[in-house]
Enquirer: 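Mind looking over this structure? Questions follow.
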Amino acid sequence: MFPTPIWITNFKNYESTTGENALIMARIHDKVAKETGKSIGIVVNIVDLGRVAREVSIPVFAQHTDAIDYGKFNGYILPQAVQKAGAVGTLLNHSERRLEWEELKGCASCAQKATLTRIICAENPEEVEKLAGLSPDFLAFEPPELIGSTGASVANSKPQSITDSIKVSGGIPLLVGAGINSVSDVEVSLKLGAQGFLVATAITKSPNPERDLRNFVSAM
Ligand code: G3P
C-alpha cells in the first residue's frame with residue numbers, strides 16, 4: 001500500500017502522454033515525487049507501461065486489466081504480464097472503460113491474484129457503497145459529467161457527494177477525481193476526508209506540468 005494522500009495522474013491517451021511523451025511526463029512525476037517527498041503515481045496506457053515502469057521509481061498503474069489468468073487469451077491484458085512489466089496496480093471500471101458487474105468482479109479477482117493494487121472507480125456514492133463490497137485497495141469517486149472540466153470540479157460543485165462517498169466506503173481509502181484543477185480543490189477534498197486524487201486534464205493539458213504538479217501536491 002502507498003502512503004496517502006496520494007496524487008495519481010491518469011495519462012489516458014493524450015498526445016502529451018503517449019510514446020516518448022509518456023516517458024517525459026513520467027520522469028517529471030518521478031522528479032517531483034523525489035524532490036518533494038509527496039506520494040505520486042501515474043496511470044499509463046498498456047503499450048507504454050513497461051518502458052515507463054523501468055525508468056521511474058514511482059508507482060505505475062495500468063489503465064485496465066482483464067479477467068484472465070495465464071492461457072489462450074489472445075488480445076486480452078493479462079494482470080501477471082502487467083505486474084512483470086513493472087506496474088504495481090491497475091485501474092478498473094473507469095467511466096471511459098466501464099465494466100459489467102460480473103466482469104468487474106472477475107477483473108478485480110484476477111488482478112488480486114497477480115498481486116496488483118486495485119483502484120476501482122465509481123460514478124456516485126451508491127456505486128462507491130456497492131463497489132466497496134469488492135474490497136479494492138482504493139476506491140475512486142469520479143462523477144462522469146465533470147471529467148475533463150476545467151471549471152467545475154467534484155470538489156467545488158459536489159462536495160457533499162465526496163462526504164457521502166466516504167461515509168459508505170467501508171474504510172477503503174477514497175480518491176477523488178473529475179475536474180480537479182486548483183489547489184483549492186485539493187484542500188477542500190482533503191478536508192472532507194479524501195485520501196488522494198485521480199487527475200488527468202490539469203496535468204496532461206498543462207503548458208507546464210511540472211510547475212502545476214508541484215503546486216497541487218504542495219497542498220497535500
Ligand atoms: O481518471 C481521472 C479522470 O477521469 C479525471 O479526469 O480530466 O477531469 O482530471 P480529469
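Start at 1 and go down the list; that is how both ligands and their atoms are numbered.
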Enquirer: Quick one: salt bridge (Lys or Arg N to Asp or Glu O under 4.0 Å) pairs with a partner in residues 108-117, sequence neighbours left out?
Expert: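 Those involving residues 108-117 are Asp69-Lys113.
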Enquirer: What is the distance from atom CG of Leu213 to atom NE2 of His29, rounded to the nearest 0.5 Å?
Expert: 4.5 Å
Enquirer: Select all protein residues for which some heavy-atom-to-ligand 1 distance is less than 4.0 Å, and list them by chain and number.
Expert: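 Near ligand 1, by chain and number: Asn10, Lys12, His94, Glu142, Leu146, Ile147, Gly148, Ala178, Gly179, Leu198, Val199, Ala200, Thr201.
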Enquirer: Using residues 133-143 as the side-chain source, report each donor-acceptor pair under 3.5 Å to any protein atom, sequence neighbours left out, with the distance given to one decimal.
Expert:
{"from": "Asp137", "atom 1": "OD2", "to": "Arg118", "atom 2": "N", "distance (Å)": "2.7"}
{"from": "Glu142", "atom 1": "OE1", "to": "His94", "atom 2": "NE2", "distance (Å)": "3.2"}

Enquirer: So does Arg214 pair up with Glu210, basic N to acidic O under 4.0 Å?
Expert: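 Yes, charged N to carboxylate O under 4.0 Å.
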Enquirer: For Ser153 and Asn181, does a side-chain donor sit closer than 3.5 Å to a side-chain acceptor?
Expert: no
Enquirer: Going by the salt bridge (Lys or Arg N to Asp or Glu O under 4.0 Å) test, which pairs reach into residues 119-131, not counting sequence neighbours?
Expert: Arg98-Glu123, Arg98-Glu127
